[in-house]
Amino acid sequence: MRLSKAFQPTLKEVPAEAQIASHRLMLRAGLIRQTASGIYAWLPAGLRVLRRIEDIVREEQDAIGAQELLMPTLQSAELWKRSGRYDAYGPEMLRIQDRQGRDLLYGPTNEEMVTDIFGAAIKSYKDLPKALYHIQWKFRDEVRPRFGVMRGREFLMKDAYSFDVSYEDAVASYRRMMLSYLRIFQRLGVRAVPMVADTGPIGGDLSHEFLVLAPTGESGVFFDAALEEQDWLSRPVDCDDHASLGEFFQTVTGHYAATDEKHDETAWSEVPEARRREGRGIEVGHIFYFGTKYTASMGVEVVGPDGAKLAPHMGSYGVGVSRLMGAIIEASHDEGGIIWPDSVAPYRAAILNLRPGDEACDRLCAAIYDREPNNLMYDDRDERAGVKFNDADLMGHPWQVVVGPRGAKNGLVELKRRATGERVEVTVEEALERIGIV
RNA sequence: CGGGGCGUGGCGCAGCCUGGUAGCGCGCUUGUUUUGGGUACAAGAGGCCCCCGGUUCGAGUCCGGGCGCCCCGACCA
């Protein structure tokens, strides 16, 4: 993309309404604009990041056998009356009526709908297990939206639902999902630590929330350093083998981790002092096992091996996709702006032409840009060098290729790594190679 | 939902107390200048001062009502 043609409105001054770094930077870098309290429009660069996060989530969900579908944002109230949640959900649910006076709601989550869809199609234990997920906009009429996309009223969530014949199988599904989540967050370039969470009225001990470590997090967190040292991407786990999943689960739950709400001083004191980590975290994922709560209440059954009907055991698993963008920025920025991890950056690199019109500069820039125009942001604007440096830092491209007349006449460009500030003078070919364009 | 605050060119703000021609910085346009970290000068464009009503000769300013937004707390991907 040529910046001179892009819709990338950056702000020099800090918008008054934004309090935390990620919100300020998302507005300043031209990723989002607010349209109403807690509701945001995603501008082109912001949308690109959203898509990249989604892609990683998809790959990792598909990898454990979950299948993507897409359920609507509007749901019939009838569905929720069947589970009993229509009355229970409260004022956070946005309720509307259509022209016939039928009650509808703008979905805050999809347990009822997915259970209904599942139940209408699956009738035998032989078809289990199944895991379905979708990435869809959710609406919750929050009492107090704040911090930009971190607590919006409309937000993008990946929600998955698992169906199993037995408790044991459901536990295996839960563990697969936990592994998938740990891999997702690691690939997104953030440290997310799983912590035991309240299961609410459902009971049981199978609920974990995943918190990204960031100083502006809403919850205090305490955990064993062993949890952030794990490399989940290289850890071999056989997702079809209950024993392998159990072993994996043991390494997660065998280490202390809790939010301030669940913090236990006694257990904490048993963690070796050198491994104790305290900080703040942003909740970006939450997984639950809740048994037959919805299948039973909604009358969804399959025929078991003995011919008797049984209600499948379910779990639900959420990732806050739009919130993650805020969380990633909270965890990765500096005075100058955003520092995108390579995996989610809207563009792989920015090319800064310090002297558009200079033959050598234009030629070298084109030599790079033409290789992958869709994934590079070419700053060809007629602006001062300082403006381009500042905007590139603000937008957080992982690499900056600085092309100025000084080096260009010798065929050299300057490659800057945003995260470290490290700069090296290299040839075009070398720059391409380092950026990862072959 | 309780408490606090704000609404004035695109953005950040002053003006309101004490009513009398709507201002500043940034941004934008044109020209000159500068050319490796938000250059400088000049000339311009751009405003139902959130909305409705009231008081007044006269309201951005005072009064009443509404709407919107932000912050702090109790709740949540």
Side-chain angles (χ1 to χ4, degrees), chain A residues 9-20 23-24 27-28 30 33-39 53 57 89-93 107-110 135-160 181 185 192 197-198 200 207-212 217-219 259 261 281-288 316-327 335-337 352-358 361 379 381-394 400-408 412-414 416 421 423 425:
Chain A
T10 56
L11 265 31
K12 196 166 169 180
E13 289 180 78
V14 180
E17 74 269 18
Q19 295 300 308
I20 65 168
H23 189 195
R24 284 198 293 262
L27 289 166
R28 289 224 295 130
R33 284 295 181 268
Q34 183 178 133
T35 63
S37 178
I39 302 179
I53 296 173
V57 170
Y89 212 93
E92 255 180 54
M93 179 187 278
T109 176
N110 286 68
I135 301 175
Q136 178 64 289
W137 294 93
K138 302 292 187 295
F139 197 96
R140 292 184 192 173
D141 200 358
E142 292 283 345
V143 277
R144 191 180 158 212
R146 63 181 130 173
F147 302 149
V149 300
M150 300 280 262
R151 179 173 304 291
R153 291 194 293 170
E154 186 180 63
F155 57 97
L156 190 60
M157 181 164 90
K158 186 287 302 183
D159 41 324
Y181 275 34
F185 297 129
D198 274 321
S207 179
H208 285 83
E209 47 189 28
F210 295 77
L211 289 104
V212 165
E218 293 186 86
S219 318
T259 60
E261 288 172 6
I282 301 163
E283 187 185 352
V284 292
H286 204 152
I287 59 178
F288 299 89
S316 77
Y317 316 88
V319 170
V321 175
S322 48
R323 172 182 283 186
L324 261 167
M325 198 184 307
E335 287 303 302
L352 311 193
N353 188 342
L354 297 190
R355 185 89 53 92
D358 177 89
C361 288
D379 192 345
R381 295 175 301 173
D382 183 21
E383 287 286 355
R384 295 188 51 89
V387 173
K388 298 186 181 191
F389 288 131
N390 283 316
D391 273 349
D393 284 350
L394 173 62
Q400 294 173 17
V401 186
V402 181
V403 183
R406 225 164 45 199
L412 294 174
V413 300
E414 186 181 279
K416 174 182 164 184
R423 303 147 186 254
E425 204 164 37

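Within every chain, numbering begins at 1; the chains are lettered A, B, ... in the order of the sequence lines, protein sequences first and strands thereafter.
The CD atom of Glu142(A) sits 14 Å away from the C1' atom of C1(B) (whole-angstrom rounding). Taking atom CG of residue Asp379(A) and atom P of nucleotide G36(B), one finds them 15 Å apart after rounding to whole Å.
Pairing of G46(B), defined by two Watson-Crick or G-U wobble distances under 3.5 Å, is not identified with any nucleotide. Summarising the base pairing, G37(B) is matched to no nucleotide, lacking a Watson-Crick or G-U wobble pair whose two defining distances lie under 3.5 Å. Pairing for G64(B) is with C52(B), a Watson-Crick or G-U wobble pair whose two hydrogen-bonding atom distances lie under 3.5 Å. Searching all strands for a Watson-Crick or G-U wobble partner of G2(B) with both distances below 3.5 Å returns C72(B).
Residues Leu211(A) and Phe185(A) fail the side-chain proximity criterion, which asks for heavy atoms closer than 4.5 Å. Between Glu17(A) and Leu27(A) there is a side-chain heavy-atom pair separated by less than 4.5 Å. Residues Thr109(A) and Arg140(A) meet the side-chain proximity criterion, which asks for heavy atoms closer than 4.5 Å. Using a 4.5 Å cut-off on side-chain heavy atoms (C-beta onward), Arg28(A) and Pro15(A) make contact. The closest side-chain heavy-atom distance from Arg151(A) to Arg323(A) is below 4.5 Å. For the pair Lys416(A) and Asp393(A), the minimum side-chain heavy-atom distance is below 4.5 Å. Two residues are said to be in side-chain contact when any heavy atoms from C-beta on lie closer than 4.5 Å; Asp391(A) and Val387(A) meet this criterion.
The same atom, P, is picked in C57(B) and in C70(B); the two are 41 Å apart, to the nearest Å. Across the C1' atoms, C24(B) and U34(B) are found 26 Å apart, a figure rounded to whole Å. Annotation: G19(B) and G38(B) have their C1' atoms spaced 41 Å apart (nearest Å). G31(B) sits 40 Å from C16(B) when the C1' atoms are compared, rounded to a whole Å. Rounded to a whole angstrom, the distance from the P atom of G60(B) to that of G5(B) is 24 Å. Taking atom P on both G64(B) and C28(B), the two are 43 Å apart, rounded to the nearest angstrom. One P atom belongs to G7(B), the other to U30(B), and the distance between them is 34 Å to the nearest Å. With both ends at atom P, the span from G58(B) to C48(B) equals 23 Å, rounded to whole Å.
Closest to the side chain of Asp393(A), from the set G36(B), A74(B), G37(B), is G37(B). In the set C71(B), A77(B), G38(B), the nucleotide with an atom closest to the side chain of Arg146(A) is C71(B). For Asn390(A), whose side chain is taken as the heavy atoms from C-beta onward, the closest listed nucleotide among G38(B), A77(B), G36(B) is G38(B). Taking the side chain of Ala385(A) as heavy atoms from C-beta on, and the options C72(B), G36(B), C76(B), the nearest nucleotide is G36(B). Distances from the side chain of Pro15(A) to the nucleotides G12(B), A77(B), A74(B) place G12(B) closest. For Gln34(A), the side-chain atoms get nearest to C69(B) when compared with the rest of C75(B), C13(B), C69(B). The side chain of Arg384(A) approaches U39(B) more closely than any other nucleotide in the set G36(B), G12(B), U39(B). The side chain of Lys12(A) lies closest to C26(B), out of C75(B), G36(B), C26(B). When each of C75(B), G36(B), C71(B) is scored by its nearest atom to the side-chain atoms of Pro405(A), the top-ranked nucleotide is G36(B).
No contact: Leu11(A) has no heavy atom under 4.0 Å from any strand. Base contact: Gly152(A) has a heavy atom under 4.0 Å from a base atom. Residue contacts for Gly404(A): at a heavy-atom cut-off of 4.0 Å it reaches a base atom on one of the strands shown. Residue contacts for Asp159(A): at a heavy-atom cut-off of 4.0 Å it reaches no nucleic acid atom on any strand shown. Using a 4.0 Å heavy-atom distance criterion, Pro9(A) is classed as making no nucleic acid contact. In this structure, Ala36(A) reaches the sugar-phosphate backbone alone: every heavy-atom distance under 4.0 Å involves primed, P, OP1 or OP2 atoms, never a base.
The nearest heavy atom of RNA chain B to Arg381(A) and to Val14(A) marks one nucleotide each, and the one closer to the 5' end goes with Val14(A). Between Thr10(A) and Glu92(A), the residue anchored nearer the 5' end of RNA chain B, judged by the nucleotide with its closest heavy atom, is Thr10(A).
Below the 3.5 angstrom threshold, one finds a donor paired with an acceptor across the side chain of Glu414(A) and the base of G36(B). Between the side chain of Glu13(A) and the base of G25(B) there is at least one donor-acceptor pair of N/O atoms closer than 3.5 Å. Applying the 3.5 Å distance criterion, the base of G37(B) shares a donor-acceptor pair with the side chain of Arg423(A).
Contact check, Gln19(A) against C72(B): no side-chain N or O comes under 4.0 Å of OP1 or OP2. OP1 or OP2 of C70(B) has at least one side-chain nitrogen or oxygen of Ser37(A) nearer than 4.0 Å. Look at Arg355(A) and you won't find any side-chain N or O under 4.0 angstrom from OP1 or OP2 of U35(B).
Stacking annotation: Phe389(A) is not stacked on the base of G38(B) (requires ring centroids less than 5.5 angstrom apart and an interplanar angle below 30 degrees).
Atom CD in Glu209(A) sits 5.0 Å away from atom NE2 in His286(A) (nearest 0.5 Å).
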